[in-house]
Q: 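Dropping a structure here in structure tokens format, bear with me for questions.
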Amino acid sequence: MFKLTNKRIILGVTGGIAAYKSAELVRRLQDQGAQVRVVMTPGAEEFVRPLTMQALSGHPVFTGLLDEKAEAGMGHIELAKWGDLLLIAPASADFIANMVHGRADSLLGAIYLATPALVSVAPAMNHEMWKHPATSDNVDTLRDRQVHVIGPDSGIQACGDIGPGRMVGPEIIVDQISEFFKTGELQGIHVVITAGPTREALDPVRYVSNYSSGKMGYAIASAAIDAGALVTLISGPVNLIEPEGCKFLSVVSAEEMLSAVLEVSESAHIFIGAAAVSDYKIESVSEEKIKSNDETLTLTLRKSPDIIQSVAKKYEQLFVVGFAAESNNLEGYAKEKLEKKGLDAIIANDISRSDIGFNSDSNEVSWIDKNSSLIFSKRSKTQLARDIIQQILKSFHHNR
Ligand code: C5P
């Protein structure tokens, strides 16, 4: 089982002999399903060549804050927002001190300040430097800011001294960071999630569908699994790998999705309707392939069942969260849907923007419930999913 499926990790490498272990770390992170982008400080480049890290990660390495080429690809702020975790390994005494002071004079320093992601450091330095009160105070400050500190190990150091300050091994780092993604807050809670599009057949070879990629629903399923929930993911046809650790049901049409949803939701606590259900199905599906001789073809469409409305009505115990994709009057239409479909909360996203939503890896959404509304600014769908799960958790407990 992969421990870091689809997690986006920005690996920051700072100057120290332990930088050679980061090359191995890139591989171990990828082995566990993570996507890795490497950022190196000038000090790190003295120990390991960016080319090594580029070959291992399969992506260009980010080095300079004012690198026009890198900025034209993925700018440093965009990179900071891309990540689910900023992992700095090795983290030198100097870089830790820079983090404490919020210095943005290096690319990695700027990313640390700009990222909404989890942050973790694996310190590596001489044992006297590690034990120095300045370093101890700095590390305490980072811990107070919720930065996870991994290690260091004790043992023989590169300089020949013996003591604490060695960077822990790549396997241990991978194990520890995969634990960060598990919050355990949804232990004992059954969450049913729908994702992806549905397909409505016209004839044996054609169908009506939509552009939904399923990424948001799958990210929510992963976040709920990480939070310890019992997850049932009911998915329409998508090109995504099913998340490990959930009950997975594959469906095609809206009718099939409805039956699956009603069957599994009796024992559920939370229902999240992230699927883009086809609003209409073909009234009479042709058993034979429809001939293409005529200039025009008229099809009669009939409204598909409203899955979320049906489940909200049938199982009153459920905390039901819907999605609303709107191109105008976002909040107004979302509120109408909240009322009409009997939802507890609705997550609205603006499909008029090309940089977020459908098929994109990022999203920006509004959360609207009966008492409040708030905006989750643009971030990766993985990060957004974690934030949505936290918000659902708050509202769910508040409503109980
Ligand atoms: O009405 P609209 O499609 O905009 O509503 C979106 C919300 O309703 C989503 O949560 C979607 O999963 C759900 N829905 C549904 N069944 C339908 C249509 C939408 O569950 N037939």
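In listed order, ligands and their atoms are each counted from 1.
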Q: Would a single hydrophobic cluster contain both V238 and V252, if residues Ile, Leu, Val, Met, Phe, Trp and Tyr are joined by side-chain heavy-atom contacts under 4.5 Å?
A: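 Result: no, two separate clusters.
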Q: For the side chain of S178 and the backbone of D175, is there at least one donor-acceptor N/O pair under 3.5 Å apart?
A: yes
Q: When clusters are formed by joining ILVMFWY residues with side-chain heavy atoms under 4.5 Å apart, either directly or through shared neighbours, do V365 and I346 land in the same one?
A: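 No, because V365 and I346 fall into different hydrophobic clusters, even though each may have its own neighbours under 4.5 Å.
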Q: Hey, quick one: are V277 and Y218 part of the same hydrophobic cluster, counting side-chain heavy atoms closer than 4.5 Å, chains of contacts allowed?
A: no
Q: Mind checking what residues have non-hydrogen atoms under 4.0 angstrom from ligand 1?
A: G273, A275, V277, D279, P305, D306, I307, I308, G322, F323, K337, K341
Q: Give a yes or no on whether V168 and L118 share a hydrophobic cluster (residues Ile, Leu, Val, Met, Phe, Trp, Tyr; joining criterion: side-chain heavy atoms under 4.5 Å apart).
A: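 Yes; L118 is reachable from V168 via cluster members.
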Q: How would you list, by chain and number, every residue that makes a salt bridge (Lys or Arg N to Asp or Glu O under 4.0 Å) with K81, sequence neighbours excluded?
A: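 K81 satisfies salt bridge (Lys or Arg N to Asp or Glu O under 4.0 Å) with no residue once adjacent residues are dropped.
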